[in-house]
Amino acid sequence: MLGSREAPQKAGSARTTAARLTAAFSIRSMSITALSLLAAVGLATAAAGGSYAYLNAAAPLSGGTVIAGTASLTIASPVQISTNKLYPGQSVYGSVTVTNTGNVALALDAKVTGSTPLSQELTIALRVVSSASDCAATPVTPAWSVGTIPAPGLPAMGTLPAGSSAFLCVSAALPLVTNAGQGQTTSFNVQLDGTQV
């Protein structure tokens, strides 16, 4: 009888212990789940961003100073052309000093004009040389007929650096076949242009 009393008590005791363990496990599971959810919410909040603070400041900046460059050519004097008499097939030469008085390098180009019948027959050639004595050397290029602008593709006369000088050689030629009358005198004009390079 004693044995039969103890058996139910042990069985009841085992059920109570099992119930307690199940309750403790459920509470622990719920706690872990709650903590996991709390951590997930915290991470989501951190990723989405919390509060921000924008800081800014301002300070005046004085404007700078800029100076525009200059392009300027100076020709010392009129071209001194040789006093030799010009005849068909012959050229006469002269030189003049050209100075780039600006502060940018200039590519030289020219336009030649003349208004008399004799000037219209002339072919004017221009080139930059190292000395006045080089003017008589050949070939003299580029060349243009008076009254025309240099054709596209003709070589330029070169570049004149800022602050430097050069001799400009000018030649006038009368072609072998010409309508120019004898004993005439004429003048022509050369407009020298410098373009920034």
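Thr178 contributes no side-chain N or O that, together with a main-chain N or O of Pro175, makes up a donor-acceptor pair within less than 3.5 Å.
With a 4.5 Å cut-off on side-chain heavy atoms, Thr195 and Leu106 do not count as touching. Taking the side chain as every heavy atom from C-beta outward, Val128 and Leu108 approach each other to under 4.5 Å. By the 4.5 Å heavy-atom criterion applied to side chains, Val190 and Val79 are not counted as neighbours. With a 4.5 Å cut-off on side-chain heavy atoms, Leu126 and Leu192 do not count as touching.
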What's the verdict on side-chain contact (heavy atoms from CB on, under 4.5 Å) for Thr97 and Thr99, showing C-alpha distance, side-chain angles and the deciding distance?
CA-CA 7 Å; Thr97 302; Thr99 304; 4.2 Å; yes
Walk me through it: do Val96 and Ser77 pass the test side-chain contact (heavy atoms from CB on, under 4.5 Å)?
CA-CA 7 Å; Val96 67; Ser77 63; 4.3 Å; yes
Where do Leu118 and Leu174 land on the side-chain contact (heavy atoms from CB on, under 4.5 Å) test, with the steps shown first?
CA-CA 9 Å; Leu118 176 59; Leu174 195 60; 4.1 Å; yes
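Interatomic distance, CG of Leu86 versus CD of Glu121, reported as 11.0 Å (0.5 Å rounding). To the nearest 0.5 Å, atom OG of residue Ser72 and atom CG of residue Asn100 are 7.5 Å apart.
With hydrophobic clusters built from ILVMFWY side chains whose heavy atoms lie under 4.5 angstrom apart, Ile124 shares a cluster with Ile75. Following chains of ILVMFWY side-chain contacts shorter than 4.5 Å, one cannot reach Val197 starting from Leu73, and the two form parts of different hydrophobic clusters.
The hydrophobic cluster containing Phe167 also includes Val129, under a criterion of side-chain heavy atoms closer than 4.5 Å among ILVMFWY residues, counted directly or through chains of members.
Counting all heavy atoms, side chain and backbone alike, Gly102 lies closest to Ala162 at O-CB, 3.7 Å. Listed here is the closest heavy atom pair of Ser165 and Leu160: C-CD1, 4.1 Å. Of all the heavy atoms in Thr70 and Val104, the pair that sits closest is O-CG2, 3.4 Å. The two atoms that bring Gln90 and Lys85 nearest to each other are OE1-O, 2.8 Å, heavy atoms only.
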Return a table of donor-acceptor pairs under 3.5 angstrom between the side chains of residues 179-188 and protein atoms on other chains or two or more places apart.
unit_1 : atom_1 : unit_2 : atom_2 : d
Thr186 : OG1    : Thr116 : OG1    : 2.4

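For the residue pair Gln191 and Asp193, a side-chain donor N or O sits within less than 3.5 Å of a side-chain acceptor on the partner.
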